[in-house]
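Working notes for the structure below.
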Amino acid sequence: MTTLPDLDSRAADLIDLDERWSAHTYHPLPVVLAEAEGAWVTDVDGRHYLDFLSGYSALNFGHRHPELVRAAREQLDRVTLTSRAFHHDQFGPFCRELAELTGTEMVLPMNSGAEAVESAVKVARKWAYRVKGVPEDRAEVVVAASNFHGRTTTIVSFSTDDTARADFGPFTPGFVVVPYGDAEALAAAVTERTAAVLVEPIQGEAGVIVPPDGYLAGVRRVCDDAGALLIADEIQSGLARTGTVLALDHEHVTADLYTLGKALGGGIMPVSAVAGRADVLGVLRPGEHGSTFGGNPLACAVGRAVVRLLSTGEFQQRATSLGARLHARLGDLVGQGVAEVRGRGL
Ligand SMILES: *Cc1c(COP(=O)(O)O)cnc(C)c1O
């Protein structure tokens, strides 16, 4: 840090600006960050902190991973935005590489996680009407209690968190909520009108809730029996966080659609996607869905660099070994200020 006259008052002034000029949608800790590298962040007063939050898993590679920064810089010097009215040279390769990494057949790039979830819901509804034969406007999507899938009006329509919902109605119909971790309750809620079951393989925002063994395989069976799609929201659990590319990989379960986001942007910019079966994503026709920024050249270049980092298995390995160490050492502290240790990988 360069010398600044009154460092603490600078932090206080910046917090005042934040409180005076921004909508109060968060309650941040009184720390004003200015720089970051790897697992470390530095505040405006030059204090260093180990970042355990990792951007809610958007920073799976740490802050400013050199290969991700290089990919972004190189793309900044070429082209950053074309709109989807044209092809560009990063788009096809990104979609192919992401599909190959995730064992899927087709990719729909978007920007934020919530947009990926919204997109998956739209695709599942159209698939239900055009392929499954559900009567018009009768399709249902079954979701789990305590879910977190984003903040749009449709997504908060099926939230069970009062703070996320209160005063934001009227809500979008067509969602059914069942308890998380209970495949029998799910089976009882699924009908011939069920387009999809939307579930987090590990509930992140709910407090890192790992479901009971066999639950996700049970969800897959329920979907197969009912002819419903399984949509796995891997926005937080995916891309190496738990030690595998997808958290569902631990259970040897395959979803029909995956929503990806957070770490897909490498901590540099928002990049999200729906990846899945070609016969499902293939129901969308030109003009039915889109995004000005989705799949832009800069996003695709960063996303390709993320896929490259994940293709070696090094990050999955590291999440596994560091996760085991962290869980063991935290486990030793249970009863001494630590109530419980939950999670998978890092
Ligand atoms: C963060 C998150 C989202 C929403 O992503 P945004 O980029 O904040 O819109 C959706 N689903 C899960 C599981 C998440 O953790």
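Both counts, for ligands and for their atoms, begin at 1 and track the order of listing.
- Aromatic ring centroids of Tyr180 and Tyr215 lie under 6.0 Å apart.
- Inspection of the Gln317 and Thr320 side chains reveals no N or O donor paired with an N or O acceptor under 3.5 Å.
- At under 3.5 Å, not a single nitrogen or oxygen of Ile235, backbone or side chain, sits near a nitrogen or oxygen of ligand 1.
- With hydrogens and angles ignored, the 3.5 Å screen pairs a side-chain donor or acceptor of Arg193 with a backbone N or O of Arg138.
- The environment of CZ in Phe293 is sparse: at most 12 heavy-atom neighbours from other residues, nucleotides or ligands sit within 6.0 Å.
- Using a 4.0 angstrom heavy-atom cutoff, Tyr56 does not count as in contact with ligand 1.
- Closer than 4.0 Å to atom 8 (O) of ligand 1 lies none of the heavy atoms of the protein.
- Residue Arg84 qualifies as open at atom CZ: its count of foreign heavy atoms under 6.0 Å is 12 or below.
- Short contacts between ligand 1 and Asp233, defined as distances under 4.0 Å to a heavy atom of the residue, involve ligand atoms 10 (C), 11 (N), 12 (C), 13 (C).
- For the side chain to side chain contact (heavy atoms under 4.5 Å, CB included) test with Leu260, the passing option among Ile235, Val274, Leu246, Val271 is Leu246; the others fail.
- Some N or O of Ala114 is nearer than 3.5 Å to an N or O of ligand 1, by distance alone.
- Of all protein heavy atoms, the one lying nearest to atom 5 (O) of ligand 1 is Gly113 CA, 3.3 Å.
- Considering only non-hydrogen atoms, atom 2 (C) of ligand 1 lies nearest to Lys262 out of Lys262, Gln236, Glu234, Glu200.
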